[in-house]
Amino acid sequence: MIPVCDPNDGPGSLRLLEELTSNADQVQQRLLKEILTRNLDTEYLSGFLQGGTDRDLFKKRLPVVDYDKVKPYVDRIANGEPSTIISAKPITELLTSSGTSGGLPKMMPSTEEELDRKTFLYNLLIPVINKYVDGLDQGKGMYLLFVKPEISTPSGLTARPVLTSYYKSSHFRNRPFNKFNVYTSPDETILCSDSKQSMYCQLLCGLIQRDEVLRVGAVFASAFLRAVKFLEDHWQELCSNIRTGHISDWIAETSCRNAASGILKGPNSELAELIEMECQKDTWEGIVKRLWPRTKYIDVIVTGSMAQYVPLLEFYGGGLPLVSTMYASSECYFGINLKPLDLPSDVSYTLLPNMCYYEFLKVEKGEEEEEDGIIECNSNGEAKVVDLVDVEVGRYYELVVTTFTGLYRYRVGDILMVTGFYNAAPQFRFVHRRNVVLSVDTDKTTEEDLLNAVTHAKLLLRPLGCLLTEYTGYADTSSIPGHYVLFWEIKGPPPPISDPHRHVIEECCAEVEARLDSVYRRCRSRDRSIGPLEIRVVGGGAFDALMDFCVAQGSSVNQYKTPRCIKSKEAIDILEERVVGRFFSSKVPHWEPFKVQTT
Ligand code: AMP
């Protein structure tokens, strides 16, 4: 049973939160029983459990799995086999994750009922933020929300990103009115499939209603900053539209245009001047506060890979609190931040025990928190798996979930650290995603993806008689959009950066991009949320200097391996000082919505 959380009933919702967190173990046990009982006859579970629903049996018999074990089942459903191979309830859609497998988005099964669970979590966010910020019922939220393309599987199921699924659902579109959830963006502007028209109209509506805006946000920090950049590029046109009362003709998507026109109503030269005055100023520092003066906070996720955007958000936000409200994924929505005004570096999420069944693989960390660490095993070589209420403060874990949608003991890939408990429910800091070395937006490039792309690209150097001897990279997010920077040390005559070689290395940039996964290429070509990839060629010995630095920081000389991504400013500076040439990709990589393999 999914509990009902009425966002208009603050005290009732908070009581519910107390109950759930105080009885975390009981809720988890009940929930596992429900999942197992309900799905006992599925092909997957019956193969392991043969009718049992006992927690110990579940733990003993069911393997902890990665996506490669889930994929065959998902593919079979995508190709027309019944959902009952994994789930008693019909799988109604597939959610395309930003995590990829074989270059394509992983697809997570979902059911109609799961939308209720998501709505429950969204509703719970409201009383929590109301505890810390007053008067949010006195105005609107300017949330910049977008939908992405979807595909149809051979069996006719829709496959799309989880947020696209939610925004298109009746749960979002027919949401009951509640005074804390009034947005400046009409649904038609959010649901517009042309991302540029959608962005333009949402900003236009946000500017027109600026006096009512009490909070601004997007899902991830990168998306919000992209909106600020869009505003930087389009404020004159937006102001001209406000002045004349006429929306630019290129806004052609009818429902989006009509909805924005309904907000614009007519000419408003006074407002246009006010906005122009702010945008014309020499600096855009504090622009969010200046354009939306009643704003109390910026609601964006700034944990995990999004932490890199905190300085830019602070610059544009002029000191507005940055609030990361929730932790969720395509697999399931997990938890909420019970202290929304905490600094980004202190944010912890409390996993809600009624969302799915959580287990945790113990991870032994090395010196570097960002490194993946080693999964701890017992004397039989089996990974140590613990339950939600048994995690220990200060320790690192990898999250494993069993959901209502057909995932059983599935490794999500996120590494979390326990910071404390709220009642009996543990709270976690998001540390990083396993294997991921580069991320600018929702892209998650792994060490393997990068190696594969570089391996192909470096072949282009061969005709020049040059060899790639070392490489590493980092996500440069000092400007918007951010982009990948790869440092390459190249050996061989003639000097690799002279003019005839320039276009070859530019081609290498393009080749790396062409070989990266489909989420990277979508961000780069459709969403334009990642800029052209850059290769910085460094002089001979640069990577020796990097090794000297890492060893001086405590790495073992014998075990030293060139890191495939560098984060510390000092390490970047060491290579930066030795840069002899900078090259950018001059092609936008090809992207199209992927096709589901037919069996
Ligand atoms: P997706 O499957 O594309 O929906 O992406 C889900 C992933 O995004 C999670 O598994 C995390 O790695 C990351 N993520 C989601 N929420 C947060 C958060 N609040 N902080 C850090 N990372 C997050």
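One-based numbering, in listed order, for ligands and for the atoms of each.
Of the charged side-chain nitrogens involved, none lies within less than 4.0 Å of a carboxylate oxygen, so that Arg526 and Asp194 do not count as a salt-bridged pair. Using a cutoff of 4.0 Å between basic side-chain nitrogens and carboxylate oxygens, Arg117 and Glu113 are scored as salt-bridged. With respect to the salt-bridge test (charged N to carboxylate O, under 4.0 angstrom), the residues Glu188 and Arg173 do not qualify.
For atom 12 (O) of ligand 1, the closest heavy atom belonging to the protein is Asp414 OD1, 2.8 Å. Annotation: atom 8 (O) of ligand 1 to nearest protein heavy atom, Lys444 NZ, 3.9 Å.
In terms of polar-atom proximity, defined here as any N/O pair under 3.5 Å, Ser329 makes no such contact with ligand 1. The shortest N or O to N or O distance between Ser98 and ligand 1 is below 3.5 Å. Polar contact check, Met326 against ligand 1: a nitrogen or oxygen pair lies under 3.5 Å apart. When only interatomic distances are considered, the shortest N/O to N/O separation between Tyr327 and ligand 1 does not fall below 3.5 Å.
By the criterion of a heavy-atom distance under 4.0 Å, the backbone of Ala328, and not its side chain, is placed next to ligand 1.
Shown in contact with Arg433 at under 4.0 Å from a heavy atom are these atoms of ligand 1, numbered in order with element: 7 (C), 9 (C), 10 (O), 12 (O). Near Ser330, the atoms of ligand 1 lying under 4.0 angstrom from a non-hydrogen atom of the residue are 1 (P), 2 (O), 3 (O), 4 (O).
Using 4.0 Å as the threshold, Thr442 has no heavy atom nearer than that to any atom of ligand 1. Residue contacts with ligand 1 include Tyr349, since one of its heavy atoms falls under 4.0 Å from the ligand.
Of all the listed residues (Thr325, Val347, Thr303), Thr303 holds the heavy atom that lies closest to atom 20 (N) of ligand 1.
Under the 6.0 Å distance and 45° angle rule, Lys118 does not count as a cation-pi partner of Tyr166.
Each of Phe360, Phe334, Tyr327, Tyr358 was checked for a ring-ring contact (aromatic ring centres under 6.0 Å, His included) with Phe428, and the lone residue meeting it is Phe360. For the ring-ring contact (aromatic ring centres under 6.0 Å, His included) with Tyr143, the qualifying choice from Tyr183, Tyr167, Phe224 is Tyr183, the only one to do so. The side chain to side chain donor-acceptor pair (under 3.5 Å) with Tyr349 is formed by just one residue from the set Thr419, Asn337, Thr303, Thr325; it is Thr303. Asp527 pairs with exactly one of Lys196, Arg226, Arg521, Lys148 by the salt bridge (Lys or Arg N to Asp or Glu O under 4.0 Å) rule, that one being Lys148.
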